[in-house]
**Q** 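Below: one structure in structure tokens.
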Amino acid sequence: MKILVANPRGFCAGVNMAIECLDEAIRMFGSNIYVYHEIVHNKYVVERFTQKGVTFVNAISEVPEQSILLYSAHGVSPEIREQSRARKLQTIDATCPLVTKVHLEAVKYAREGYHIVLIGHEGHDEVIGTMGEAPASITLVEDPEDVAKLSFPLDAKVAYLTQTTLSVEEAGRVIASLKSRFPKIESPPKEDICYATTNRQDAVKQLAKNSDVVIVLGSQNSSNSRRLQEIGASFEKRSFLVDGAEELQREWFSDADTVLITAGASAPEVVVQDCIAWLSREFGATIEEVTTREEHVAFPLPRELRVLQSARN
Ligand code: 0K2
Ligand code: SF4
């Protein structure tokens with residue numbers, strides 16, 4: 001068996017920043033820290049922080065007054081920020097800057113009187129946060145069927161935005177139907193699906209065709225990880241999304257000559273290496289890392305954390 005290990009895979013700049021942010025907050029304040037939603041959508045990462053004593057909450061009312069609260073990488077709505085202020089929480093914002101970019105676009109288009117069509121998945125943390133920036137001006141669509149149901153007047157000013165972690169191809173189909181219904185529809189100069197999402201998908205598209213099985217490391221609630229598994233399946237390969245090596249099953253690999261391994265943007269490298277070790281042990285596999293794109297993106301820690309850091313030094 002040959003294992004192709006996709007590069008880029010795993011942690012993106014936003015996830016690196018969010019995790020470093022929480023680690024640094026623990027160093028500074030101890031582990032009596034709250035995080036609104038999972039810091040990133042990964043079981044392994046969330047368990048690691050839970051074991052350190054961090055508490056993940058789904059409502060601000062669960063956080064005791066004056067506590068320290070981090071916002072996850074997926075961003076939050078202004079209403080959540082207001083609830084935190086009312087509870088006198090000390091907040092640290094670990095939202096990825098590329099998610100914040102979409103929030104700012106929503107605010108700008110809404111101020112200019114546009115109807116905004118947000119392409120995304122209903123109920124996803126990022127979508128809830130973005131929609132909260134201008135709830136009266138944003139309509140969510142998931143697919144071309146939803147676009148057909150839109151009923152804006154023909155002369156309406158319309159703009160579209162997207163969730164950052166969509167399938168590039170699926171989003172492209174929704175955008176094409178939007179453009180055909182609203183030929184003058186506006187969009188930001190740089191698209192919202194982020195570099196990390198795009199690069200991880202491109203790597204699978206390039207490498208899946210030469211593989212028999214595709215293994216994606218990531219959690220089931222991770223949008224970008226699910227998209228990678230779907231792309232593997234779209235090449236008619238056996239394609240699996242797993243949290244770790246303990247979920248791998250021997251029969252998935254029967255007759256497999258080549259296995260592609262990749263990881264979603266929230267999956268740590270340790271789970272990738274565990275899978276490689278398991279396959280090597282079970283099937284005597286050889287390993288080839290294939291780089292389809294170099295990435296050199298890094299984000300600074302949020303300003304409020306840096307201010308607190310320098311106040312302590
Ligand atoms: O892919 P998702 O948006 O579900 O999020 P994660 O799995 O946590 O990956 C990191 C991306 C966070 C923000 O875009
Ligand atoms: Fe930011 Fe993209 Fe990573 Fe999401 S997947 S945290 S938008 S870099």
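In each ligand, atom 1 is the first atom listed, and ligand 1 is the first ligand listed. It should be emphasised that the depicted structure is a prediction, and the values quoted were computed from it without experimental measurement.
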**Q** Do side-chain atoms of R9 reach the backbone of A6 as a donor and acceptor pair under 3.5 angstrom?
**A** yes
**Q** Measuring only between side-chain heavy atoms, which start at C-beta, is V127 closer than 4.5 Å to E122?
**A**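 The answer is no; the side chains never approach within 4.5 Å.
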**Q** Using a 4.0 Å cutoff against the non-hydrogen atoms of C194, which atoms of ligand 2 qualify?
**A** 2 (Fe), 5 (S), 7 (S), 8 (S)
**Q** So, the side chain of T197 versus the backbone of T164: is there a donor-acceptor pair under 3.5 Å, distance only?
**A** yes
**Q** Relative to ligand 1, is Q163 under 4.0 angstrom through side chain, backbone, both or neither, heavy atoms considered?
**A**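 Within the 4.0 Å criterion, Q163 makes no contact with ligand 1.
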**Q** Using heavy atoms and a threshold below 4.0 Å, how should the contact between N224 and ligand 1 be classified: side chain, backbone, both, or neither?
**A** both
**Q** What is the closest protein heavy atom to atom 8 (O) of ligand 1, and at what distance does it sit?
**A**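 Closest protein heavy atom to atom 8 (O) of ligand 1: H41 N, 2.6 Å.
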**Q** Measure the distance from atom 12 (C) of ligand 1 to every protein heavy atom, then report the residue, atom name and distance (to 0.1 Å) of the closest one.
**A** H74 CD2, 3.4 Å
**Q** Counting heavy atoms only, which part of C96 comes closer than 4.0 Å to ligand 2: side chain, backbone, both or neither?
**A** side chain
**Q** Just so I know, are the side chains of L248 and F253 near enough to count as touching, which here means a heavy-atom distance under 4.5 Å?
**A**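 Answer yes - side chains close enough.
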**Q** Using side-chain heavy atoms (C-beta onward) and a distance below 4.5 Å, is S137 in contact with H115?
**A**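 Not in contact.
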**Q** For V117, does its backbone N or O pair with a side-chain atom of T139 as donor and acceptor, under 3.5 Å?
**A** no
**Q** Any chance the side chains of Q51 and E47 put a donor and an acceptor closer than 3.5 Å?
**A** no
**Q** Report the nearest protein non-hydrogen atom to atom 4 (Fe) of ligand 2: residue, atom name, distance rounded to 0.1 Å.
**A**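 Ranked first by proximity to atom 4 (Fe) of ligand 2 is T164 OG1, 4.0 Å.
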**Q** Among all the protein's non-hydrogen atoms, which is closest to atom 14 (O) of ligand 1, and how far away is it?
**A**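 Sorting protein heavy atoms by distance from atom 14 (O) of ligand 1 puts T164 OG1, 3.2 Å first.
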**Q** Out of all atoms in ligand 2, which are within 4.0 Å of some heavy atom of C12? Include the element for each.
**A** 3 (Fe), 5 (S), 6 (S), 8 (S)
**Q** Relative to ligand 1, is C96 under 4.0 angstrom through side chain, backbone, both or neither, heavy atoms considered?
**A**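 The answer is neither; C96 stays 4.0 Å or more away.
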**Q** Please could you name the atoms of ligand 1 that V40 approaches to less than 4.0 Å, counting only its heavy atoms?
**A** 8 (O)
**Q** For atom 6 (P) of ligand 1, what's the nearest protein heavy-atom neighbour? Residue, atom name and distance, please.
**A**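 For atom 6 (P) of ligand 1, the nearest protein heavy atom comes out as S266 OG, 3.5 Å.
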**Q** Which of the atoms of ligand 2 are close to Y195, meaning less than 4.0 Å from one of its heavy atoms?
**A** 8 (S)
**Q** Taking the side chain as C-beta and beyond, is there a heavy-atom pair between V63 and L89 under 4.5 Å?
**A**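 Yes; the side chains approach each other to less than 4.5 Å.
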**Q** Using a 4.0 Å cutoff against the non-hydrogen atoms of H124, which atoms of ligand 1 qualify?
**A**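 Taking each heavy atom of H124 in turn, ligand 1 has 2 (P), 3 (O), 4 (O) under 4.0 Å.
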**Q** Under 4.0 Å, heavy atoms only, figure out whether ligand 1 is touched by the backbone of E126, its side chain, both or neither.
**A**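 Within the 4.0 Å criterion, E126 contacts ligand 1 through side-chain atoms alone.
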**Q** Atoms of ligand 1 less than 4.0 Å from V15 heavy atoms?
**A**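 Numbered from 1, ligand 1 contributes 10 (C).
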**Q** What I'd like to find out is whether the side chain of L70 reaches to under 4.5 Å of the side chain of I33, using heavy atoms alone.
**A** yes
**Q** Which class fits the ring pair F182 and F152: parallel under 30°, tilted 30 to 60°, perpendicular over 60°?
**A** tilted
**Q** Using heavy atoms and a 4.0 Å limit, tell me yes or no: is N221 in contact with ligand 1?
**A**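 Judged by the 4.0 Å heavy-atom criterion, N221 does count as contacting ligand 1.
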**Q** Do Y114 and E186 have side chains that approach each other closer than 4.5 Å (heavy atoms only, starting at C-beta)?
**A**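 A side-chain contact exists here, since the closest heavy-atom pair is under 4.5 Å.
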